[in-house]
Each structure stands twice: as C-alpha cells, then as structure tokens.
Amino acid sequence: AVTVDDAALPSEAEAASGHLDSVALLEQEALLQLLPSWMHDEGADFHFEQTEVVGEPISRCRGRYKWDDGASMEYELTDIGGTAKPDLIQSLGFNFNQGNSEDATGYRSALETDEGVLINHEYDESAGEGSLQILVNDRFLLEVQLEGFEAEAFEDVLENHLPLDALLRF
C-alpha cells in the first residue's frame, strides 16, 4: 500500500466524527503530503497552485518523477472542497461516462469501489503509456500519467500505489 505522511491527515476518529472542516480547501503542505511518500523521498519535482476553474476555487499539486530508463510518472491531485460540484469535476477533465473497451493496443475501463471511489483507467500497450483518473468523495480528483511502463507495472500502480485510504479520511 502507498504511504503518506500520517501527521498531515485527520485521524480515523476525526474523519468518522464528521467534525472536519469538509468545505475548506487544503493548504499547500497538507495537499503535498497526500502525494506518495516515495515521491518526497526520491526528490520528485512538485508544483502547487490555488486558482479558479469555472469560477470555483481549487487547490492543486503536481509531482513528477522520471527514472533513469526514461519512464516517468506524474501525479496531479486537485482539491475542490467538500461540496459536490459535478460540473467543476467534469470541467477538470473527469469523464463520468467512460465505458469499458479493449482492442489490440490496450484498454479503457471504469469502475466504482465499495467506498464509492470512481476510477477511470486506460492503457496503451504499444506506447507503454497509461492514465488514471480517480474521484474520491466528490472532493479529490487524482490524475496519474505514466509513460514507459509495462502493463504489469501499470496495474501495480493502480492496485498498490494510490493514496486512496488517506483521501477517504476527508
């Protein structure tokens, strides 16, 4: 499982109590700490911004890491606050209507977890590229772009390297 800095997260008791400020956007340090700890340990480049999209405030951070063999991974985590805003989420690029398909070069798939997390993923085997869009609690949009990855490594990222447990605490 992916690890993040637990000190930056609300405790499970706080999350369960409903006493969190579920509307306020996370500040820079808190949002950055939700990126996987290995990215911090390996010295990934990070960028943070607070901006507006379709008139709504968002906080966003990006982390990019490139391996010596040329493979790269980019995480982009956007916090839209605690009020569900489907139009904003869609304008950020999340596809609520992605279907499942497969062809000779790869696949597209959409699924919903038991916790209500929506995951869109696609992988192009001929290019060794994949992307993930993950919507957590109608609040966080996590997008992951992978280049130079084999299909098995892409599936490993999907199954083991996403900070879903941490994001579900909000």
Point-to-point distance, once rounded to the nearest 0.5 Å, from [atom1] of [X] to [atom2] of [Y]:
X      : Y      : atom1 : atom2 : answer
Leu164 : Ile134 : CG    : CD1   : 6.5 Å
Tyr65  : Ser72  : OH    : OG    : 11.5 Å
Arg64  : Glu74  : CZ    : CD    : 5.5 Å
Leu141 : Ile80  : CG    : CD1   : 8.0 Å
Leu26  : Phe140 : CG    : CZ    : 4.5 Å
Leu168 : Asn137 : CG    : CG    : 5.5 Å

Taking C-beta and beyond as the side chain, do [X] and [Y] meet within less than 4.5 Å on heavy atoms?
X      : Y      : value
Asp79  : Leu34  : no
Leu135 : Phe96  : yes
Leu92  : Thr78  : yes
Pro163 : Leu142 : yes
Glu129 : Gln145 : no
Trp67  : Met73  : yes

For Phe48, give me all partners under ring-ring contact (aromatic ring centres under 6.0 Å, His included), at least two apart in sequence or on another chain. none
Using the test ring-ring contact (aromatic ring centres under 6.0 Å, His included), find all partners of His47 that sit at least two apart in sequence or belong to another chain. none
Not counting sequence neighbours, which residues clear side-chain hydrogen bond (donor to acceptor under 3.5 Å, both in side chains) with Ser126? List them please. Asp124
Can you list the residues that meet the side-chain hydrogen bond (donor to acceptor under 3.5 Å, both in side chains) rule with Glu49, with sequence neighbours excluded? Arg60
Residues 109-121, side-chain donor-acceptor partners within the protein, below 3.5 Å, at least two apart:
from   : atom 1 : to     : atom 2 : distance (Å)
Ser109 : OG     : Asn100 : OD1    : 3.3
Thr113 : OG1    : Glu115 : N      : 3.3
Thr113 : OG1    : Glu115 : OE1    : 3.0
Thr113 : OG1    : Val117 : N      : 3.1
Asn120 : ND2    : Asn95  : O      : 2.7
Asn120 : ND2    : Gln133 : OE1    : 3.1

Using atom types as modelled, flag every donor-acceptor pair under 3.5 Å from a side chain in residues 146-156 to any protein atom, sequence neighbours excluded.
from   : atom 1 : to     : atom 2 : distance (Å)
Glu155 : OE2    : Tyr107 : OH     : 2.3
Asp156 : OD1    : Asn160 : ND2    : 2.6
Asp156 : OD2    : His161 : NE2    : 3.0

Do Leu167 and Leu88 sit in the same hydrophobic cluster, where Ile, Leu, Val, Met, Phe, Trp and Tyr count as joined when their side-chain heavy atoms come under 4.5 Å apart? no
Would a hydrophobic clustering, with Ile, Leu, Val, Met, Phe, Trp and Tyr connected at side-chain separations under 4.5 Å, put Val136 with Phe94? no
Verify the distance criterion only: is there a donor paired with an acceptor across the side chains of Ser59 and Gln50 at less than 3.5 Å? yes
